[in-house]
Every structure is written in structure tokens, then in C-alpha cells.
Amino acid sequence: PQATGTLERRPRDGWQRARLFPMGRGARRALKGLILGLCPTSLDAPQGASIEHHVEVYVRFFMCYMPRWMARGIWCALFLMEWSPLWLGQAARRLSSLPPRRRARVIARLARSRFYPVRRLVMVLNSLFMSAYFDSVRVHRALRYAPVPFMKERIALRRELLGRPSETV
């Protein structure tokens, strides 16, 4: 093993991963609609079912580690966003059932809303989804970004600066 070991958590650490945040069919449909609306869609950006699944799982895990009121707030925000084309007068359908370009226009309009809470809601959801998207291995490869070697290097440097011998993690 390398001096810094792996960066993965193990059961012997006492760490257990939370279960996915519970969501019904409607909430999951809204979540997937937002994933498709907020994640990059350019031709050179990684896309597809595996990326969508990664973002969904990441967001639902992340919601489990939030305070309950915050996770429920995001859950409610999914429905507000899902039905936003209706209350904006943009379409008579849900956001998840709109074509990609139209979905992007609705979200862009919400992001430019004159009401601060609406703009903030879009920013919070966009931040959550982008952190999930950019944490994907496929996106790392596309960006030629290798975080694991960098983190191992930082850990080794920290140990050296503290005068501690490198130990296997």
C-alpha cells in the first residue's frame, strides 16, 4: 500500500452511509426533471443515464445528512420547480415533461426572477446539483482532473510538515 493509503471510508472506521432520502414517484420525477434542466447539456459535457443516476443518488444521500427541515424544504422546492411552468404561465405541463430547451428557458426565467426567494431557490438547487455533477468520475475524466492523487499528496505533505511518519490509512 502507498504511504497515504486509500481515501475510502471503511466499516472499521465506524462510518455507515445513510439510506437514500425517501421520495415518492412524483418527487423522483421532479428531481429527474431538474437534473435534466440544471446539468450541463453541451455536446462535450458528459451526459447520459449513468450521470443522471449519479446525481440523483448523490443528492438523495446529501439530503439525508442535512437537518430534517432543510431536506424537507428542498423536497418541497422540487415540487415548486416542477410546477413552475404552470404558475409562470409558460406552459400547461410540468417542468419534467417539457422539451430540454423549454425547460432551460423556464429555469433561466426563475433564476432572473424579481423575487429574491425564487432566485435564491434556483441558486440553492443549482449548487446542490452541480456539486453532484462535478463529483462524477466521468466528469473528472472529461476535465482531466484527478482529485485523489492530489489529496494523497496533500495528506503526505501535511504529515511531513507535522513531523509525523507516513502511516497506512
Side-chain angles (χ1 to χ4, degrees), residues 6-42 45-91 93-98 100 102-140 142-143 145 147-148 150-151 154-155 169:
T6 67
L7 299 174
E8 297 175 8
R9 293 204 176 256
R10 300 191 182 119
R12 71 175 186 210
D13 293 77
W15 183 79
Q16 292 181 339
R17 184 174 225 165
R19 288 187 220 128
L20 292 174
F21 189 82
M23 287 187 176
R25 275 189 13 220
R28 288 190 68 203
R29 180 179 47 235
L31 178 65
K32 288 180 182 190
L34 272 174
I35 290 170
L36 295 172
L38 292 172
C39 288
T41 57
S42 66
Q47 299 172 17
S50 66
I51 294 282
E52 294 165 21
H53 177 72
H54 170 80
V55 173
E56 178 186 357
V57 168
Y58 183 102
V59 167
R60 290 180 66 193
F61 272 135
F62 197 66
M63 288 172 72
C64 285
Y65 292 105
M66 293 176 183
R68 187 53 100 199
W69 64 268
M70 189 180 296
R72 279 290 165 206
I74 288 177
W75 182 82
C76 289
L78 293 175
F79 288 105
L80 280 172
M81 294 291 287
E82 175 73 347
W83 292 101
S84 62
L86 205 68
W87 52 264
L88 281 173
Q90 295 284 310
R93 300 184 329 194
R94 295 185 303 258
L95 188 70
S96 61
S97 63
L98 295 177
R102 194 125 180 243
R103 186 181 303 146
R105 280 198 308 264
V106 170
I107 293 172
R109 182 168 177 199
L110 289 168
R112 292 186 315 268
S113 172
R114 63 184 167 146
F115 300 108
Y116 177 76
V118 174
R119 289 193 318 266
R120 185 58 128 185
L121 173 70
V122 174
M123 189 216 52
V124 165
L125 292 172
N126 188 48
S127 300
L128 178 62
F129 285 61
M130 290 298 95
S131 69
Y133 179 79
F134 284 105
D135 194 41
S136 167
V137 174
R138 280 186 53 204
V139 174
H140 289 176
L143 295 173
Y145 172 61
V148 173
F150 173 78
M151 287 187 286
R154 296 283 100 187
I155 291 170
V169 176

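Computed from a prediction, not measured in an experiment: that's the story for all the values here.
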Quick check for you: to the nearest 0.5 Å, what is the distance between [X] atom [atom1] and [Y] atom [atom2]?
X	Y	atom1	atom2	result
E56	F21	CD	CZ	13.0 Å
L125	M81	CG	CE	6.0 Å
S136	H53	OG	NE2	11.0 Å
S84	F79	OG	CZ	13.0 Å
R19	R60	CZ	CZ	12.5 Å
R103	R94	CZ	CZ	11.5 Å

Checklist entry - Within 45° of the six-membered ring axis of W69 and under 6.0 Å from that ring's centre, is NZ or CZ of R72 located there? => result no
Checklist entry - Which is it for I107 and L95 under the side-chain contact (heavy atoms from CB on, under 4.5 Å) test, yes or no, and what are the steps along the way? => result CA-CA 9 Å; I107 293 172; L95 188 70; 4.2 Å; yes
Using the test ring pair (Phe, Tyr, Trp, His ring centres under 6.0 Å), find all partners of [X] that sit at least two apart in sequence or belong to another chain.
X	value
F150	none
H140	Y145
Y65	none

For [X] and [Y], work out which heavy atoms get closest and say how close.
X	Y	answer
G33	S96	CA-CB, 3.8 Å
L20	C64	C-SG, 3.6 Å
L128	S131	O-OG, 2.8 Å
L38	M130	O-CE, 3.1 Å

Checklist entry - Considering residues, nucleotides and ligands other than R119, do more than 12 of their heavy atoms fall under 6.0 Å from its CZ? => result yes
Next on the checklist: Is it the case that over 12 heavy atoms from other parts of the model lie below 6.0 angstrom from the CZ atom of F61?
Outcome noted: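 Enclosed: over 12 neighbouring heavy atoms sit under 6.0 Å from CZ of F61.
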Donor-acceptor contact below 3.5 Å, side chain [X] vs main chain [Y]:
X	Y	answer
R29	E82	no
Y133	P46	yes
W75	M63	no
S113	L110	no

Checklist entry - For the residue pair F62 and Y58, does the interplanar ring angle fall in the parallel (under 30°), tilted (30 to 60°) or perpendicular (over 60°) class? => result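 Correct class here is parallel.
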When you compare the side chain of [Y] with that of [X], does any pair of heavy atoms fall below 4.5 Å?
X	Y	answer
I51	I35	no
L98	Q90	no
M23	L78	yes

